[in-house]
Amino acid sequence: MIEKNYQPADIEARMSLVWEDSRAFKAGRPDRRDASPFTIVIPPPNVTGSLHMGHALNNTLQDILCRFERMRGRDVLWQPGTDHAGIATQMVVERQLMERQQPSRREMGREKFLERVWQWKAESGDTIINQLKRLGASCDWSRERFTMDEGLSRAVVKVFVELHRDGLIYKDKRLVNWDPKLLTAISDLEVQQVEVKGSLWYLRYPIEGKTFSPDDPASFIVVATTRPETMLGDTGVAVHPDDERYRKLVGKHVILPLVGRKIPIVADEYSDPEKGSGAVKVTPAHDFNDFDVGKRHGLRQISVLDREGRLDLVGNEDYLHALPEGAAQFAEEFQGAERFAARKRIVERLQDFGFVERIEPHTHMVPHGDRSGVVIEPYLTDQWYVDAKTLARPAIAAVRSGETTFVPKNWEKTYFDWMENIQPWCISRQLWWGHQIPAWYGPDGKVFVAETEEEAVSHALGYYVEQEVITEEQGREMALDRGKREGFITRDEDVLDTWFSSALWPFSTLGWPDDTPEVKRHYPTDVLVTGFDIIFFWVARMMMMGLHFMKEVPFSTVYIHALVRDEKGAKMSKSKGNVIDPLNLIDEYGADALRFTLAAMAAQGRDIKLATSRVEGYRNFATKLWNACRFAEMNNCAVPENFEPAKAKETLNRWIAHETAHTAREVSEAIEAYRFNDAASAIYRFVWNVYCDWYVELAKPVLLGEDGPARAETRTMVAWARDEILKLLHPFMPFITEELWEVTAKREGLLALASWPLKPEPTAEQLAMIAAAMPNDGFIAPVVLPMFDHSDFSDPAAEAEIGWVIDLVTAIRSVRAEMNIPPATLTALVLAGAAAETKARAPRWTDVIKRMARLSDISFAERAPDGAVQLLVRGEVAALPLKGVVDFAAEHARLDKEIGKADADIKRAEAKLANEKFVANAAEEVVEEEREKREAAMARKAKLLEALERLKQAG
RNA sequence: GGGCACGUAGCUCAGCGGGAGAGCACUACCUUGACAUGGUAGGGGUCACAGGUUCGAUCCCUGUCGUGCCCA
């Protein structure tokens with residue numbers, strides 16, 4: 001029995017359990033051993049995160065693909081899991097410690113802190129998984145993985161060691177994006193450029209050998225800068241080589257104000273004569289461009305800030321090198337000043353001495369950390385880098401050759417642009433939560449990289465024994481006793497960028513580096529579904545790592561879906577706090593409604609601005625389906641065993657079979673092409689506007705009428721079409737369809753595992769295989785054919801007949817509404833001058849037409865009765881004898897309007913046909929079509945004129 | 001500054017070389033035996049603007065204006 005009301009919450013809770021208990025989504029089911037695999041790896045959400053709209057969309061689309069392919073008989077593996085999200089998770093836990101006024105991370109130490117994070121993960125790690133289950137995600141939950149699992153960690157270490165061995169990972173001292181709040185390096189991608197209204201300071205740098213005076217322009221050179229506080233680390237001034245103004249100064253020196261350092265004026269094309277004063281100060285240790293300029297001219301790199309962005313001058317040998325008397329005192333004074341406070345104080349001090357020429361308002365882009373939100377400091381440190389340029393080469397080639405394709409295709413350009421200009425990837429993070437880098441250092445700083453500590457230590461000790469730093473005896477002792485080697489060999493403290501482990505996801509989750517059956521069967525995966533915002537972070541890196549370690553692309557298709565934005569069109573993000581909670585929508589309208597909405601709005605290449613009214617509308621759609629199924633149940637509709645819809649005899653039933661097959665094809669093709677919105681609208685239209693609005697209504701007289709073969713067949717077909725609907729809708733609305741599947745009939749299994757209405761067309765490869773297996777006589781073995789179901793129940797005759805009924809009913813309803821005839825008033829219908837076909841058809845549909853068009857009677861006549869309202873239905877006159885009921889003038893006007901329309905159609909067609917160029921150039925079908933249109937319009941006009949004439953005679 | 005999108009009905013969006021579509025909202029009518037979370041009918045758009053290609057342009061090309069995003 002179907003409950004009277006559709007209550008999504010109940011159904012969804014129940015069906016989740018049904019699926020879980022039956023292990024419906026488990027990959028590698030024995031009965032599908034011979035099926036072709038279909039694999040998707042989930043973009044792993046942050047382990048401690050919670051479901052947001054982006055997840056909801058992303059996972060809905062993946063689930064549609066998985067459920068679709070599962071129903072098509074494939075062995076589906078949707079590999080789930082979560083990401084440890086280094087910085088994000090560490091921040092959450094640290095914030096928690098602070099809120100609870102517990103000891104800070106540094107106070108408790110690394111080991112205790114990590115315990116604490118694991119504890120937090122244990123507490124909240126299930127949240128996102130449970131939310132994905134609420135959404136209906138049909139992942140193989142038994143295979144859930146976590147990026148810091150033992151197995152995945154092993155993969156990370158192996159990858160690091162091998163890339164290091166191959167020279168593709170190396171340590172380098174260069175400028176990195178340093179986050180002075182989180183105290184870690186971050187990659188270029190984690191930096192966001194933010195437009196900031198700041199100032200441009202014009203500073204006077206005195207020229208060596210001249211007496212500085214603010215009034216004597218010859219005594220100084222003006223440099224323009226947005227960061228005056230870094231002037232303490234200046235080691236040069238650059239001017240453009242072609243800049244006439246400064247040509248004579250190149251090669252001379254300036255004396256750095258406040259500091260007294262003597263620094264050269266160099267010619268470098270980096271300096272833009274149009275910008276500022278045309279001369280720039282060069283601070284190689286605090287600016288990426290200056291770093292390069294400095295390298296070109298052999299300038300020193302002087303870091304004047306510490307890790308937290310405070311001035312660090314006292315005892316700073318680089319800074320103090322070769323400075324005159326008094327430098328130490330200045331250093332004392334400014335020591336420890338926070339960078340923005342320092343800026344203010346230094347500018348003031350410069351002003352005191354007349355070194356500031358002017359200050360202009362200036363808007364420019366300033367790098368910010370995407371997590372911390374603070375201004376990033378270019379900082380000179382040792383970090384680990386991946387040689388991305390080398391790894392990118394095959395990854396670019398694979399997309400060029402089409403081994404991997406992006407859908408929509410235009411994202412390939414974005415991918416290429418980035419990959420072709422890729423920079424070394426900084427992978428070390430000064431954090432604790434993550435995969436600790438497998439590198440150990442000796443007392444001289446020499447690095448030993450190995451998969452295990454034992455291996456690294458034994459290498460190191462061997463080396464130092466050989467170098468005679470320690471004796472063999474000492475080496476043996478240190479090897480055996482950790483305490484003995486403490487302080488001699490130390491492990492790198494840093495962890496890896498979270499995206500380093502994510503990059504391995506498509507194979508690490510399958511068991512690599514072990515040689516598992518899953519790796520063999522499911523790599524490469526079929527499709528990756530993700531948002532464009534992580535093409536660089538993730539997709540590109542999976543391509544690089546996948547190709548390097550597996551020698552094959554990780555996925556053949558990358559489907560890039562829209563971003564769900566907030567009402568202003570801004571990207572939703574946790575840090576901005578503008579997230580709409582999909583769980584609220586699920587609570588209110590149900591997961592099925594939310595899923596359908598997202599699918600229906602997932603048009604390629606367009607972002608989604610979610611409107612609640614749409615979700616409500618699709619909830620109503622679910623209710624509609626619910627009630628249609630109740631109707632079928634109330635009429636005892638059921639499908640007998642071994643029923644073959646193709647053998648249906650009733651026209652109406654042949655028609656619905658035809659329409660169902662047509663829809664099945666539309667839905668299948670749309671999903672195959674990742675056109676989720678087309679698939680959704682095709683099934684929506686079919687359920688509501690075909691099945692409910694017409695089929696069920698047209699079937700009612702038969703269902704409510706006498707018992708007999710027609711009634712039996714119709715009952716069967718109502719149920720059959722319902723079942724087909726449940727299947728076609730299942731990928732979009734899994735809960736309600738599974739529930740209805742279960743309660744509407746005795747079933748052999750779950751809908752999730754039922755077979756899809758249409759079997760897939762044979763692929764080119766399959767056809768080739770078949771051909772290869774065939775003898776050369778051109779025959780296809782009959783045993784092969786049943787694999788493919790080409791039947792579309794095509795029935796043009798049924799389509800024509802039902803089409804006529806629909807047109808007739810619609811025309812009558814329309815004119816009744818126009819003439820304000822109340823529904824309670826039944827009218828008669830006279831089919832005037834009907835052709836034999838119509839005369840044969842009409843009696844078959846008397847009950848239906850009477851019921852739907854509110855008629856008292858249907859009859860035939862040679863001509864329409866006097867004063868009747870005359871309608872044109874498929875070229876014939878249908879007359880409603882309403883003399884006295886309708887206004888003569890109104891009917892006259894209505895006919896005039898119709899004639900006007902026909903005239904316009906005729907004119908348009910004639911104009912085209914009169915155009916010689918059109919007839920000569922347009923496709924033959926188009927011309928023919930135009931002729932048909934003209935004929936049809938002319939016939940229509942003639943009938944209408946006749947009708948008008950009859951009206952006039954009557955009036 | 002470079003790149004990628006997008007400007008279609010009041011709103012949210014499909015369509016994309018041969019007569020403008022959906023959902024929501026709106027109007028009128030309807031307690032018809034699955035469903036008022038419903039039914040029936042209807043109003044509403046020089047498809048941003050200007051050129052060009054074409055027999056024909058909402059659709060292709062160019063430019064302008066406007067909006068959004070990405071990268072410097």
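Below, chains carry the letters A, B, ... as their sequence lines are ordered, and counting in each starts from 1.
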Taking every non-hydrogen atom, the tightest pair across Asn58(A) and Val529(A): ND2-O, 2.8 Å

Using the C1' atom as the reference point in each nucleotide, state the distance between A9(B) and U54(B) in Å, no decimals. 29 Å

Below 4.0 angstrom from OP1 or OP2 of C55(B), is there any side-chain N or O of Asn921(A)? yes

Trp411(A) CH2 to C71(B) P, straight-line distance once rounded to whole Å: 11 Å

Axial cation check for Phe732(A) ring with Arg595(A), 6.0 Å and 45° limits: no

Roughly how far apart, to the nearest Å, are C26(B) and U37(B) at atom P? 14 Å

Glu697(A) CD to C30(B) P, in whole Å, measures 19 Å

I want to verify a distance call: between G38(B), A22(B), C55(B), whose nearest atom is closest to the Lys917(A) side chain? C55(B)

Proximity to the side chain of Ala922(A) - top-ranked nucleotide from G18(B), G3(B), G39(B): G18(B)

Could you go step by step and tell me if Glu891(A) and Lys897(A) meet the salt bridge (Lys or Arg N to Asp or Glu O under 4.0 Å) rule? CA-CA 10 Å; Glu891(A) 178 59 6; Lys897(A) 201 172 148 197; over 6 Å; no

Lys933(A) side chain N/O closer than 4.0 Å to the phosphate oxygens (OP1, OP2) of G18(B)? no

In Watson-Crick or G-U wobble terms, with both distances under 3.5 Å, the base opposite U31(B) is none

Applying ring-ring contact (aromatic ring centres under 6.0 Å, His included), name anything that partners Phe631(A), two or more places apart in sequence or on another chain. none

Mind checking the CD-CD1 spacing from Glu633(A) to Ile2(A)? Nearest 0.5 Å is all I need. 4.0 Å

Verify, without hydrogens or angle tests, whether Thr714(A) (side chain) and Leu703(A) (backbone) share a donor-acceptor contact under 3.5 angstrom. no

Among the nucleotides U40(B), C55(B), A34(B), whichever has the atom closest to the side chain of Phe918(A) is C55(B)

Rounded distance in Å - CD (Glu412(A)) to P (C4(B)): 14 Å

Is any N or O donor-acceptor pair between the side chain of Arg908(A) and the base of G19(B) shorter than 3.5 Å? yes

Atom CZ of Phe686(A) and atom P of A22(B) are separated, to the nearest Å, by 19 Å

Within the structure shown, what part of the strands sits under 4.0 Å from Leu704(A) by heavy-atom distance: base, sugar-phosphate, or nothing? base

Is there a Watson-Crick or G-U wobble partner for C4(B) with both distances under 3.5 Å, and which nucleotide is it? G68(B)

Touch class at under 4.0 angstrom, heavy-atom based, for Ala600(A) against every strand present: nothing

Determine the contact category for Arg619(A): base if any of its heavy atoms lies under 4.0 Å from a base atom, sugar-phosphate if only primed atoms, P, OP1 or OP2 are that close, otherwise nothing. base

Select base, sugar-phosphate, or nothing to describe what Arg722(A) touches, counting heavy atoms under 4.0 Å on all strands. nothing

Spacing of Phe532(A) atom CZ relative to G68(B) atom P, expressed in whole Å: 14 Å

Using whole Å, report how far NZ of Lys700(A) lies from P of G39(B). 11 Å

Distance test, side-chain N/O of Trp418(A) to OP1/OP2 of C4(B), below 4.0 Å: no

In whole angstrom, what separates Phe536(A)'s CZ from C69(B)'s C1'? 12 Å

Over how many whole Å does the gap from Leu563(A) atom CG to U67(B) atom P extend? 21 Å

